[in-house]
Amino acid sequence: MQPKALILFGPPGSGKGTQAKLLRERLQVPHISTGDMLRERIASGDHLGVQVQELMQAGRLVPDEIVNQLVADRTSQADCATGFILDGYPRTLQQAEVLAVQLRQQGFQPVVIHLKVDYTKIIARIAGRRQCPVCGALYSLTSNPPQRPDHCDLEGARLVIRDDDKEFVIRERLEAYDRQTRPLLDYFAASGDPFHELDGSDGTPQEVLASVCSVLNLE
Ligand code: ADP
């Protein structure tokens with residue numbers, strides 16, 4: 001059987017990152033988050049990080065060539081040979097086209113999972129989101145708070161609000177999604193590759209995971 005490239009698709013705050021982390025444990029394949037990779041580069045202060053920092057903080061997308069290259073480099077590493085999970089990529093038609101060619105050449109079967117969540121929920125969710133600056137673990141003040149307020153359960157580090165999780169930036173990100181990313185749904189639907197839609201609005205992360213596993217025919 002061909003190894004799978006699982007593509008988690010949905011608006012910001014739809015739960016892609018949370019599901020990707022749960023699926024990584026479940027499937028034992030790498031979780032590739034373009035957002036996390038870009039944030040790492042910003043934190044390291046290298047040339048690419050400096051180049052993308054302003055765009056990300058404004059809630060805009062970074063140029064296709066940059067993310068295409070990051071993903072191509074990452075997916076060609078040995079640990080991806082049995083499959084991987086893409087979170088936050090592709091996000092534009094150009095990215096989707098580049099990815100499709102790459103996956104075909106490398107022999108991966110794309111499988112798209114669309115997590116649908118309505119916008120009022122998203123804004124509330126993102127506003128309550130906190131992240132560990134050390135390990136990247138995600139918390140929600142309402143649905144998944146840390147045991148000790150404001151501190152990571154795993155690292156003990158003080159949790160932070162991502163720069164682009166401020167409310168006015170969230171709206172910009174949702175607009176970028178509507179304008180540049182949502183149109184990919186038609187592209188995926190027409191591609192002939194497996195394409196599953198799930199309601200990610202309600203339920204715990206574990207319940208949403210159960211729905212994801214069921215459409216993927218995992219026990
Ligand atoms: P979310 O899904 O919650 O918006 P991400 O961590 O996936 O968060 O992305 C944060 C930001 O990183 C985006 O707003 C964008 O600036 C940048 N980014 C991430 N992935 C891509 C991508 N595939 N193409 C362009 N920009 C991206």
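All values derive from a computational prediction rather than experimental measurement. Numbering of ligands and ligand atoms starts at 1, following listing order. Any value given below was found using the heavy atoms of this structure, including those in side chains, with hydrogens, waters and symmetry copies removed.
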(message) Taking the basic N atoms (NZ, or NE/NH1/NH2) and the acidic carboxylate oxygens, is any pair closer than 4.0 Å for Asp165 and Arg173?
(response) yes
(message) For atom 17 (C) of ligand 1, what is the closest protein heavy atom, and at what distance to 0.1 Å?
(response) Leu38 CD1, 3.7 Å
(request) Say whether Gly88, considering both its backbone and side-chain N or O atoms, lies within less than 3.5 Å of an N or O atom on ligand 1. (result) yes
(message) Just to confirm my output: which protein heavy-atom neighbour is closest to atom 2 (O) of ligand 1, and how far is it?
(response) Lys16 NZ, 3.0 Å
(message) Is the shortest side-chain heavy-atom distance between Arg91 and Val67 below 4.5 Å?
(response) no
(request) Name the closest protein heavy atom to atom 15 (C) of ligand 1, giving the residue it belongs to and the distance to 0.1 Å. (result) Arg60 O, 3.5 Å
(request) Output yes when Asp164 and Arg60 qualify as a salt bridge under the 4.0 Å nitrogen-oxygen rule, no when they do not. (result) no
(request) Below 4.0 angstrom from a heavy atom of Gln95, which ligand 1 atoms are there? Numbered from 1 as shown, please. (result) 22 (C), 23 (N), 24 (N), 25 (C)
(request) Examine the proximity of ligand 1 to Arg173 and report which part, side chain or backbone, both or neither, has a heavy atom under 4.0 Å away. (result) side chain
(message) Within ligand 1, which atoms have a heavy atom of Pro12 less than 4.0 Å away?
(response) 1 (P), 2 (O), 3 (O), 4 (O)
(message) I'd like to know if Asp164 contacts ligand 1, where contact means a heavy-atom distance under 4.0 Å to any ligand atom.
(response) yes
(message) Quick check on Arg129 - does any of its heavy atoms sit under 4.0 Å from an atom of ligand 1?
(response) yes
(message) Check this for me, if you would: do Glu175 and Arg171 make a salt bridge, where the nitrogen-to-carboxylate-oxygen distance has to be below 4.0 angstrom?
(response) no
(request) Taking the side chain as every heavy atom from C-beta outward, state whether Thr18 and Ser140 have any atom pair closer than 4.5 Å. (result) no
(message) I'd like to check which ligand 1 atoms, numbered from 1 as shown, lie under 4.0 Å from a non-hydrogen atom of Thr34.
(response) 19 (C), 20 (N), 21 (C), 23 (N)
(request) Report the nearest protein non-hydrogen atom to atom 11 (C) of ligand 1: residue, atom name, distance rounded to 0.1 Å. (result) Met56 CE, 3.6 Å
(request) Please indicate whether Arg24 has more than 12 foreign heavy atoms, meaning atoms of other residues, nucleotides or ligands, lying under 6.0 Å from its CZ. (result) yes
(request) Could you check atom 13 (C) of ligand 1 against the protein and tell me its nearest heavy-atom contact, residue, atom and distance included? (result) Arg91 NH2, 3.8 Å
(request) Pick one of side chain, backbone, both or neither for how Val67 approaches ligand 1, counting any non-hydrogen atom pair under 4.0 Å. (result) side chain
(request) Identify, by atom number and element, the atoms of ligand 1 in contact range of Arg39, meaning under 4.0 Å from any of its heavy atoms. (result) 6 (O), 10 (C)
(request) May I ask you to test the Val134-Leu154 pair for a side-chain heavy-atom distance under 4.5 Å? (result) no
(message) Arg162 versus ligand 1: do any nitrogen or oxygen atoms come within less than 3.5 Å of each other?
(response) yes
(message) I'd like to check Arg74 versus Asp79 (side-chain heavy atoms, cut-off strictly below 4.5 Å). Are they in contact?
(response) yes
(request) State plainly whether the residues Asp202 and Lys121 are in salt-bridge range, i.e. N to O under 4.0 Å. (result) yes
(request) Scan side-chain atoms only and decide if Asn68 and Gln102 contain a donor-acceptor pair under the 3.5 Å cut-off. (result) no
(message) Tell me the protein heavy atom at minimum distance from atom 26 (N) of ligand 1, and give that distance in Å.
(response) Val62 N, 3.1 Å
